[in-house]
Amino acid sequence: MDDNKREMLKNLPKIDEMMLRIEKREGLAGFPKEIVKESCRTVVESLRARVVQEKGETFRLPTPDETDDQAAEIIEGYRSYRLRRVINATGVILHTNLGRAPLCREAIERIVEVARGYSNLEYDIEKGERGLRYDHVRGLLCALTGAEDALVVNNNAAAVFLVLNALSEGKEVIVSRGELIEIGGEFRIPDVMEKSGARLIEVGTTNRTRLSDYERAIGPETGIIFKVHTSNFRIMGFTEEADLPSLVALGKRHHIPVVNDLGSGCLIELDRYGLEREPTVRDCLAAGADVVTFSGDKLLGGPQAGLILGKRAFIETIRKNPLNRALRIDKLTLAALEATMVKYLRPAEALADIRVLRALTEPVADVRKRAKRLAAMLRRTLPERIDIKLVTGLSMAGGGSLPTQEIPTLLIGLRVAGLSAAFVEERLRRRELPVIVRVADDQLLLDVRTVDPEEFSEIRDALKEVLAERCVKTPPTRSISGQARSDKRGK
Ligand SMILES: *Cc1c(COP(=O)(O)O)cnc(C)c1O
């Protein structure tokens, strides 16, 4: 090591002195000492590493002001929110990575109202005594679906887990091999079943399972017959499955309850709006399923929740299961769910106000009109060198729903002379308010179907900013032990 380096290492900023200076800075007083210290140490250590590695004479130590700035940026970084709203211009309507279903206005208002103060979450106001949190949505859910009783938990994976444990722990669950699905995020139905304490009895083959396969598997150890709606994929071609009514009849003969995991629970007859028919929750209950489970934030378009509906005696058993306490729904979710379900009392309102339903059912002619408006808005404000045109394409339901549904859409195609689409995509993504887009053939594509008109001006501003500056300051990344956390995380 040469003298110059040795000298620089000796002159590295002293952490104590840095801390004193930083704590005097406006806006940085009052942070926990440990955080300030750790941030200073991070800066000094990375500087030390640079000095050690540096070859050549050009490198100089930054001024105290500069190193203070770096530490301040780390500290401030903790304050910038990492969980943020984004604009979804991908055309994937239920985007699992982008939070699935946006909430309707009333749901948001109810969250704020209930969060603001105390609530009657578990208090029966009429009687002045302890109540059940489920009672706030029970009547509504039963009225909307024809169920006898209802219970709500944290999400549908929890619902499946709880139902299996409550009704079939230590017993056998009969399920078709064609329905042993993975849902994403490595959630596999067979794994959940195993953890629930139920023993899995697979029947049939991947593509064909007959009623007689179920019948042969029934024995003294059978707890439930389990049917999983293959909501996120389809088996095509040479296929056969036992339908729900025949499973229900089989269950009745043997006094075995039939549980139907619907995945993406749907209350609206989608085929009336030009989409594939999904079995509605009412259909399944009417067909005699003893218990059905589904998500709150897939086709229903509400908050993350797991809904469990069915015959009173079973719901009662499930409600009393100790695991229910660990999986229970929280009050903010409940507030949002109640407001979302109220929307369904008037299906026309649900279709208009629940964004997932609106995006799924909006006629392509209307999407085109909106796309034209956005394109005109962009042409007025963006520089001439940008080529803007309308492109036809397909949106996707996503979120493990309607896997084969083609949803025609209009996209804004953007090409910028001298800039790659990948470059612009990244800049749009790494803003404070990220705009998530598609790229194909070095063209930027914004699917208007998943964009709300209120987001048009935000998209315009984002593009203006990205294309004008070409180099945008990104919000500082919060660091853990000096390691910049990767933004690329799995699902
Ligand atoms: C999505 C899905 C689940 C899991 O639901 P979450 O609400 O994501 O927990 C379970 N079963 C099926 C069939 C699904 O499609």
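The model shown is predicted, which means the values in this text are computed figures rather than measured ones. Just the heavy atoms: all of them, side chains too, but no hydrogens, waters or symmetry mates, feed the values below. First listed ligand is number 1; within each ligand, the first listed atom is number 1.
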Open item on the list: Checking Glu278 against His229: is there a side-chain donor and acceptor pair closer than 3.5 Å?
Closed with: yes
*Arg133/Glu122 salt bridge by N-O under 4.0 Å criterion*: yes
Side-chain (Asn260) to main-chain (Lys227) donor-acceptor, under 3.5 angstrom:
yes
In short, salt bridge (charged side-chain N to carboxylate O under 4.0 Å, His left out) pairs touching residues 436-450 with sequence neighbours left out are Arg438-Asp447
Ligand 1 to His229, heavy atom cutoff 4.0 Å, flagged ligand atoms 13 (C)
Going by the 4.0 angstrom heavy-atom rule, the piece of Val160 near ligand 1 is neither
Note: ligand 1 atoms sitting under 4.0 Å from heavy atoms of Arg100 are 6 (P), 7 (O), 8 (O)
For residues 359-369, the side chain to side chain donor-acceptor pair (under 3.5 Å) pairs (sequence neighbours left out) are Glu362-Arg370
Taking only non-hydrogen atoms of Ser295 and a 4.0 Å limit, the atoms of ligand 1 in range are 5 (O), 6 (P), 7 (O)
Item to complete: Report yes or no: does Gln304 have a heavy atom closer than 4.0 Å to ligand 1?
Response: no
### Contact (N/O only, under 3.5 Å) between Ser264 and ligand 1
no
Does Glu179 have a heavy atom less than 4.0 Å from any atom of ligand 1?
no
Ligand 1 to Val228, heavy atom cutoff 4.0 Å, flagged ligand atoms 13 (C)
- Item | Between Glu276 and Thr404: side-chain donor-acceptor atoms closer than 3.5 Å | yes
**Request:** Answer yes when Arg110 and Glu106 have at least one side-chain N-carboxylate O distance shorter than 4.0 Å, and no when they do not.
**Result:** no
Quick note on ligand 1: atoms under 4.0 Å from a heavy atom of Ala157 include exactly 4 (C), 5 (O), 6 (P), 9 (O)
